[in-house]
Chemist: 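Below is the structure I would like to discuss, written out as structure tokens.
Just so you know, these numbers use all the heavy atoms, side chains as well, and skip hydrogens, waters and symmetry mates. Note that this is a predicted model, so its numbers are computed, not measured. Throughout, a chain's letter reflects where its sequence line sits, starting with A, and its residues are numbered from 1.
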Amino acid sequence: MQYNFNEIEKKWQAYWNENNSYKVENDFSKPKCYVLDMFPYPSGAGLHVGHPLGYIASDIYARYKRLKGFNVLHPMGFDAFGLPAEQYAIETGQHPATTTKVNIERYKEQLGKIGFCYDWSREVKTSDPNYYKWTQWIFLQLYNSWYNPKTNKAEKIETIFDAGCPMSDVRNTEPDTPISNIEHRLMEYRLAYKKESYVNWCEALGTVLANDEVVNGVSERGGHPVERKLMSQWFLRITAFAERLLMSLDNLDFPESLKEMQRNWIGKSVGAEIKFDVRCQMSDVNNTDKTDNQHPSSGINVFTTRPDTIFGVSFMVLAPEHELVNLITTADQKQAIEEYQKFTSSRSERERLAETKTISGCFTGAYAIHPFTGKEIPIWISEYVLASYGTGAIMAVPCGDERDYAFAKHFNIEIPCIFKDIDNSEKACSDKNVIISNSDFISDLTVKEASKLAIEKIEEQKIGSRKVNYRMRDAGFSRQRYWGEPFPIVYDENGTAIALTDKELPLELPFLETYSAGPNGKGPLANATDWVNISQSIRETDTMPGYAGSSWYYLRYMDPHNSETFCDKMISDYWNQVDVYVGGAEHAVGHLLYSRMWCKTLHDLGFISYDEPYKKLINQGMIGGSSRFVYRIKNTNQFVSNGLKNNYDVAEIHVDVNIVDGYELDLEAFKKIKNNEYSNAEFILENGKYICGEAFEKMSKSKYNVVNPDDIILQYGADTFRMYEMFLGPLEMSKPWDTKGIEGVHRFLKKFWRLFCDEAIGCIVTSEVATTEELKTLHKHIKKIQQDIENFAFNTSVSQFMIITNELSSMHCHKKEILEQVLITLVPFAPHVAEELWSVIGNQTSILDATFPLLNDSLLVENSFKYPIAIQGKARTEIEFALDLSQEDIEHAVLKNEIVQKWMEGKPMKKFIFKKGMMINVVV
RNA sequence: GCGCCUGUGGUGAAAUUGGUAGACACGUCAGACUUAGGAUCUGAUGCCGUGAGGUAUGGGGGUUCGAGUCCCUCCAGGCGCACCA
């Protein structure tokens, strides 16, 4: 009986399928555990060996919990809507519905081969109308809610009319207010709202993108240029939740780096908002047609984190787009200002980012009045002040801020010094450990004291107040694309948005053969006129972004077929929060923040009982590719081996890692690639071999470094594959894939197999009674595996399996009493071989329903310990003592020891350091 | 620039609370069994040294009887944010 993994794996995968072995019931009587993977979007490329890393880890944990008696929810589904799916369909000239279906099939086939314990009866697909019906429904909950700052909760929009709420006046004083006016005002409060504003428009993708989908001024997807465009768009009011999203991070078991990313993204800063009056120039400003809040004399609001530096202000800067710029600019500066505005608006986001060091700006001709000194402060505009942050205006303190300093130097503006004993002639001082000086009533105070006092004074004079500012912006929720959830919104003849009723859901995405952009920057749905135009109203033609469906999918798995509600409350109370969520760090500020916000909203509205979706989050590392290169001597057909390449002028060419054994190129295979492109290649070898160069890069087709798990599984089996991926190193660590080490894990599984089976004889497991020593070995193993799994330290648990296998082999232990227990501990890691051997030793039932062995700590108690003896901190020898021996007896014995005496060199002992079961140190 | 993380053999990496650094593997070397082996088994393997021994966790300093682990500082790499007032 040989370890025939291919046969075994096929057999048991079929068995598990037929017997619905992974079906999970909502059995409220059992303790639950919810183990979730971030579901993939089904790309056309299929899985490479990097993808399953996290899935294997969560599978191990889920199986372990099941063996421990938990009812484990471990589902899988597909994030099938969205830009990537649509882009792939366009690239391959197919319909996204088709490609999505095909790709999902392919994914499921590949996942199936690895032997995951998913309950496929709970599969969700975000593009399925039965699913997105509820995505639309939740959108409507967001639409019909507002954030009540008093209760600090999302509430039904109706409560906004209650006494004391922002729109209480509507009902009480203006009963006849036209509905469209009320609607218009409500849009300023709804958690999902439509608003005209500057958005990230990507021409190449033909859509608006959310801030987290724009990286370094280009689209995350495809790297296309992104420009700022004024458009009417749907947004999610995630900023309302900023403080809660920030505060509750502290209690979540997320990686520190990820929490830090979210904190940075939310970007809380505490300071003050201060109003500076503007000196009114009657000759330049026509006062009569200005409304109050635009009137320049109402002043300029600035946000600062350093109110203590208020006496250091020597100029002000507005963002070029600031709405007051045109009002305050004097006649003689008008032309210069307009030119500067034109210059800045012509520059793309990317250009602006690329030249952050260049100083540019323009004087408006206007002056603000310092609230305390009454001094006139020139008002400038400059790119370095962003319209989208704070108030879009700053009070510039050149002595305390590097950018203000550089700006002042460049334009020759005064740099007043307000820090005691600090020289500002060369640079600004942003250090907060300083004493303020030259600052009237806050002189001689620390930064902290001065800030406090300055704010008090500012509030007293009613020119500003303490203020918390967040960097995070509301999330763009409109996409001018086809492949997404349609908005359940129509517009009446006045253009007022009207929500569909629950009964009208799902609003199905119409099937469009072609799905090119619609007219006037609208999405493809605008072309489907029959669908858009309904009696007296028109439908919204934008669709929702990819993150809509993924923001709540963890809830649908709990109750996937419910047609009455998105998830029954009893059921979501039972499964509750996701106990362990495993996925990549790339979703840190997108998906994870959005789903946290949706969860809080659903909680506030009473639909679920918890306001954080994920209790614990694990970011698995990325498995990178290890690329291989050949070196072609330029303009020849000759390829030179890596060690000799410096002697020639060569071009580096990626070569498929699958035709390289370690570093040695398979010459014959090389000649055959790319339709025999290199069939007459000549090689300059070293030691008779062609050695390739290497580099670690992202795994991708274009770099020929993709390793397909199917190939590995064919050669070594899924169990080896699973254990090897875990053996590579700590789960969270990124590492390159290297097929070489897999032999070690494969050898281990074969050796493990031989504990049970002999090639000639068959099963060799005996019913002999285990010795104490064997039991000790077993329970040491159980303890280690249990600990490691609970700590997600799967690399060391694989080591432990190797250790116990080596130990049992050398003990020639083939006893069922021991092996059966070890076998159960192997189930999470190598379920196929475990199931096979379970039946080999005579079990009729599946090992999946076995019970994880109970640890018996009493077997592990040692009664003696080999004490390492150190003299002056250096270990010199070992002496074994009983653990219950007194320190005096041990001290006495140690000092009598020859080796100890030798190293003490006759010097008297100063100190004898002794702790039970640890190293003994003799100090002389 | 700011924030977070990581630096240990030829390689991937171990090392609960500070307590024998390098577990477990890969690779390499030597050997056994074999017609053969990319099967299996045994042994060796951080570095220097024949040896006793010395020395070693990115560099330097510190705390301690004792530091990979704690503190300070510098260096290198990775990730994230980036004109954020």
Chemist: Give a yes or no on whether a salt bridge exists between Lys268(A) and Glu243(A), defined as a side-chain N under 4.0 angstrom from a carboxylate O.
Modeler: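 Between Glu243(A) and Lys268(A) there is a salt bridge, with a charged N closer than 4.0 Å to a carboxylate O.
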Chemist: Taking A21(B) as the reference, what is the distance to A67(B) when you measure between their C1' atoms (whole Å, please)?
Modeler: 11 Å
Chemist: Can you tell me the distance, in whole Å, between the CD atom of Gln872(A) and the P atom of A67(B)?
Modeler: 12 Å
Chemist: Side chain of Ser799(A) only, please: which of A23(B), G53(B), A85(B) is the nearest?
Modeler: A23(B)
Chemist: Taking only the side-chain heavy atoms of Tyr389(A) (C-beta and beyond), determine which of G80(B), A85(B), G53(B) contains the nearest atom.
Modeler: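 Between G80(B), A85(B), G53(B), the one nearest the side chain of Tyr389(A) would be A85(B).
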Chemist: If you check the Lys750(A) side chain, which of G3(B), A39(B), G54(B) turns out closest?
Modeler: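 Side chain of Lys750(A) sits closest to A39(B).
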Chemist: Which whole number of Å gives the distance between the C1' atom of U8(B) and that of A76(B)?
Modeler: 15 Å
Chemist: With a 6.0 Å cut-off on the ring centroids, do His370(A) and Phe311(A) count as close?
Modeler: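 When the ring centroids of His370(A) and Phe311(A) are compared, they turn out to be within the sub-6.0 Å range.
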Chemist: Between Ser734(A) and G78(B), is there a contact of a side-chain N or O with OP1 or OP2 at under 4.0 Å?
Modeler: no
Chemist: If we call it a pair only when both distances are under 3.5 Å in a Watson-Crick or G-U wobble match, what pairs with U6(B)?
Modeler: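 Here U6(B) is engaged in a pair, and the nucleotide opposite it is A76(B).
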Chemist: Using a 90° cut-off around 0 for syn, call G9(B) syn or anti.
Modeler: syn
Chemist: Taking the side chain of Arg747(A) as its heavy atoms from C-beta onward, which of A39(B), A13(B), C65(B) lies nearest to it?
Modeler: A39(B)
Chemist: Would you kindly check whether a donor in the side chain of Asn921(A) faces an acceptor in the base of C65(B), or vice versa, at under 3.5 angstrom?
Modeler: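 For Asn921(A), whose side chain was compared with the base of C65(B), there is a donor-acceptor pair (under 3.5 Å).
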Chemist: Ion pair present between Arg263(A) and Glu256(A), side-chain N to carboxylate O less than 4.0 angstrom?
Modeler: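 Yes.
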Chemist: Side chain of Asn795(A) only, please: which of C83(B), A13(B), A85(B) is the nearest?
Modeler: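 Between C83(B), A13(B), A85(B), the one nearest the side chain of Asn795(A) would be A13(B).
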Chemist: Closest to the Arg754(A) side chain: A85(B), U40(B), C81(B)?
Modeler: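 Output: U40(B).
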Chemist: Considering only atom C1', compute the distance from G22(B) to G37(B) and round it to an integer number of Å.
Modeler: 32 Å
Chemist: Examine Tyr3(A) together with Phe752(A) and report whether their ring centres are nearer than 6.0 Å.
Modeler: no
Chemist: Please give the distance between the C1' atoms of A30(B) and C79(B) as a whole number of Å.
Modeler: 45 Å
Chemist: Applying the Watson-Crick and G-U wobble criteria at under 3.5 Å, what pairs with G1(B)? Answer none if nothing qualifies.
Modeler: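 Per the H-bond distance test, C81(B).
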